[in-house]
Amino acid sequence: MSKIVVLDFGGQYKELIARRVRSLNVYSEVHPGRISADELKTMNPDGIILTGGPNSVYLPDSQTCDPGIFGLGVPVLGICYGMQLMVHTLGGKVAPGEVSEFGVVDCEFRGTNRKVLMSHGDRVFALPEGFRVLGSTKDCPIAACENVTAKLYAVQFHPEVTHTERGIEIIQDFLFNVCKITPDYYLDDVIDTLCEQIRGQVGGDRVLLGLSGGVDSSVVAALLSKAIPSQTLCVFVDHGLMRLNEGDQIESVFSKRDLEFARVNAETRFLSKLTGVTDPESKRKIIGEEFARVFEDVAKSRGNTEDYFLAQGTIYPDVIESGDSKTGGADVIKSHHNVGGLPKDLKFKGLVEPLRGLFKDEVRALGRKLGLPPELVERQPFPGPGLGIRVIGDITKDKLDVLRKADAIFRESIDGIPFEERPAQYFAVLTDLRAVGVTGDARSYGNVLALRAVYTDDFMTCRYVPLTHELLNGVSQRITNEIRSIGRVVYDITDKPPATLEWE
Ligand code: XMP
């Protein structure tokens, strides 16, 4: 199989680059930027992409790369910091720009005008020998460059994000015209490979799958039932942080399927551990740890925990946003519960995470191929810590019940929007703010509830959805009429970046 290696210098978009490459049916992997040219050579890549990163190439502690990678004869595409690193390493000049460019700007690229996403303070002032300028913006005269003989290409802007017009064409051009790759990465082959890997790892042992009812763990269930049908036990832990009636729905879907399914009602156990905890990272860690402990207890009640592997629906974006040390560099934004939250002394024989290298859209496509029902495959994501990170501040059962009702009203209204136009994710957040109101003739002092609805196809970036005022007002009226303790409803109009999707 052809392969693109994405070298990471701490860029938030590194997996997005890898995903774009895969969407063009070319396999890609992300590796740390500090890898040596010799190591890279053994991976036999057809092309190398250098990511962006938060540093300045000319500072002593900044991430560098082995200069040898530019002499391997393998085509290299540098993006943002990757471009600066290429230029700096090969003898060009990078320095602070007169102005920074953050956001979408006009760029003249290979003779055409297009909007591109820029995110840089430094810029290239002089190119190394053999390079020529390919693009420029008002504040960045060298915004793209190439050295055709050495097969080196670079762009200061981000072709991997959808904000950049025709960005995908730049990646396509690199893969197919420069690296001369013939597309050969297809999901059908991935299913077979993953099943083989699972069988190889697990042998004849038993696997306990933490099944949340979301897309990821459901796809793992389908994979396990294909790979090792009689060795799998699916455990759904109802932590009391689920949405309205969700636990019962999950039970009804999976108890009818051809797999061993067990539901554990653990609300009291989780809520007592969370009493008084307000810090979002602590909530995530506690919930992650408790999940693992419940799984251990279930395994123990059926024999020996050490005899079981624990399977999880961890996917690539979970790994990135937790700042997985394997890829180094990127700032930890949030520890996703199923990655950052696992206790170190886990008693299971090992972890089975077949989707760890896949993106959400690949996981959905896999789910469809494995025959899962569309309502499950297209389900909007719901974070593992559930409503625990949507009740801001300390969590109580009363607050969760209030949020469950409000969230159900909001989701019901959005579910009326045709599927193709529906937001990718939409939910309510119970804030810890209170506001004064007037109900009847009396003063009220109720909680402030926030609504959030976003468009995104990668969950790394998102745009808020401009819902109609009519819809929002209808939801607000229903919520304040039907739920006494909520005094005010606000709508979140922040994109990611700068915000994240969840509030905590
Ligand atoms: P953020 O808030 O990081 O969310 O912009 C991106 C996507 O990830 C989901 N999310 C989580 N999923 N465990 C999960 O399984 C978590 O701890 C977690 N935190 C956020 C979020 O709902 C969105 O889809």
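What you see below is based on every heavy atom in this structure, not just the backbone, and it leaves out hydrogens, waters and symmetry mates. Order of listing sets the numbers, starting from 1, for every ligand and every atom in it.
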Engineer: Give the atom numbers and elements of ligand 1 that come within less than 4.0 Å of a heavy atom of Glu502.
Structural biologist: 2 (O), 20 (C), 21 (C), 22 (O)

Engineer: Using a strict cut-off of 4.0 Å, indicate which atoms of ligand 1 neighbour a heavy atom of Gln425.
Structural biologist: 21 (C), 22 (O), 23 (C), 24 (O)

Engineer: Considering Pro383, Gly388, Pro497, Cys462 one by one, which has a heavy atom nearer to atom 12 (N) of ligand 1 than any of the others?
Structural biologist: Pro383

Engineer: In this structure, are over 12 heavy atoms from other groups packed under 6.0 Å from Glu375 atom CD?
Structural biologist: yes

Engineer: Hey, could you give me each pair passing ring pair (Phe, Tyr, Trp, His ring centres under 6.0 Å) that has a residue in residues 208-237? Not counting sequence neighbours.
Structural biologist: none

Engineer: Look only at the side chain of Asp407 and the backbone of Leu403, and say whether a donor-acceptor pair between them is shorter than 3.5 Å.
Structural biologist: no

Engineer: Closer than 4.0 Å to some heavy atom of Leu501 - which atoms of ligand 1 meet that?
Structural biologist: 1 (P), 2 (O), 4 (O), 5 (O), 23 (C)

Engineer: Would you find more than 12 non-hydrogen atoms of other residues, nucleotides or ligands less than 6.0 Å from Asp61 atom CG?
Structural biologist: no

Engineer: Donor-acceptor pairs under 3.5 angstrom involving side-chain atoms of residues 460-467: please list them, not counting sequence neighbours.
Structural biologist:
{"residue": "Thr461", "atom": "OG1", "partner": "Asp458", "partner atom": "OD1", "Å": "3.4"}
{"residue": "Arg463", "atom": "NH2", "partner": "His163", "partner atom": "NE2", "Å": "3.2"}

Engineer: For ligand 1, which atoms have a heavy atom of Lys496 less than 4.0 angstrom away?
Structural biologist: 1 (P), 3 (O), 5 (O), 6 (C)

Engineer: Considering the heavy atoms of Thr500, write down every atom of ligand 1 situated less than 4.0 Å from one of them.
Structural biologist: 1 (P), 2 (O), 5 (O)

Engineer: Could you walk me through whether Val264 and Asp238 pass the side-chain contact (heavy atoms from CB on, under 4.5 Å) test, one step at a time?
Structural biologist: CA-CA 6 Å; Val264 182; Asp238 190 341; over 6 Å; no

Engineer: Which atoms of ligand 1 have any heavy atom of Phe459 under 4.0 Å away?
Structural biologist: 6 (C), 24 (O)

Engineer: Which atoms of ligand 1 are found less than 4.0 Å from any heavy atom of Pro381?
Structural biologist: 24 (O)

Engineer: Using the salt bridge (charged side-chain N to carboxylate O under 4.0 Å, His left out) rule, pick out the option among Arg263, Arg379, Arg411 that qualifies with Glu246.
Structural biologist: Arg379

Engineer: Examine Arg284 against ligand 1 and note whether any of their N/O atoms are separated by less than 3.5 Å.
Structural biologist: yes

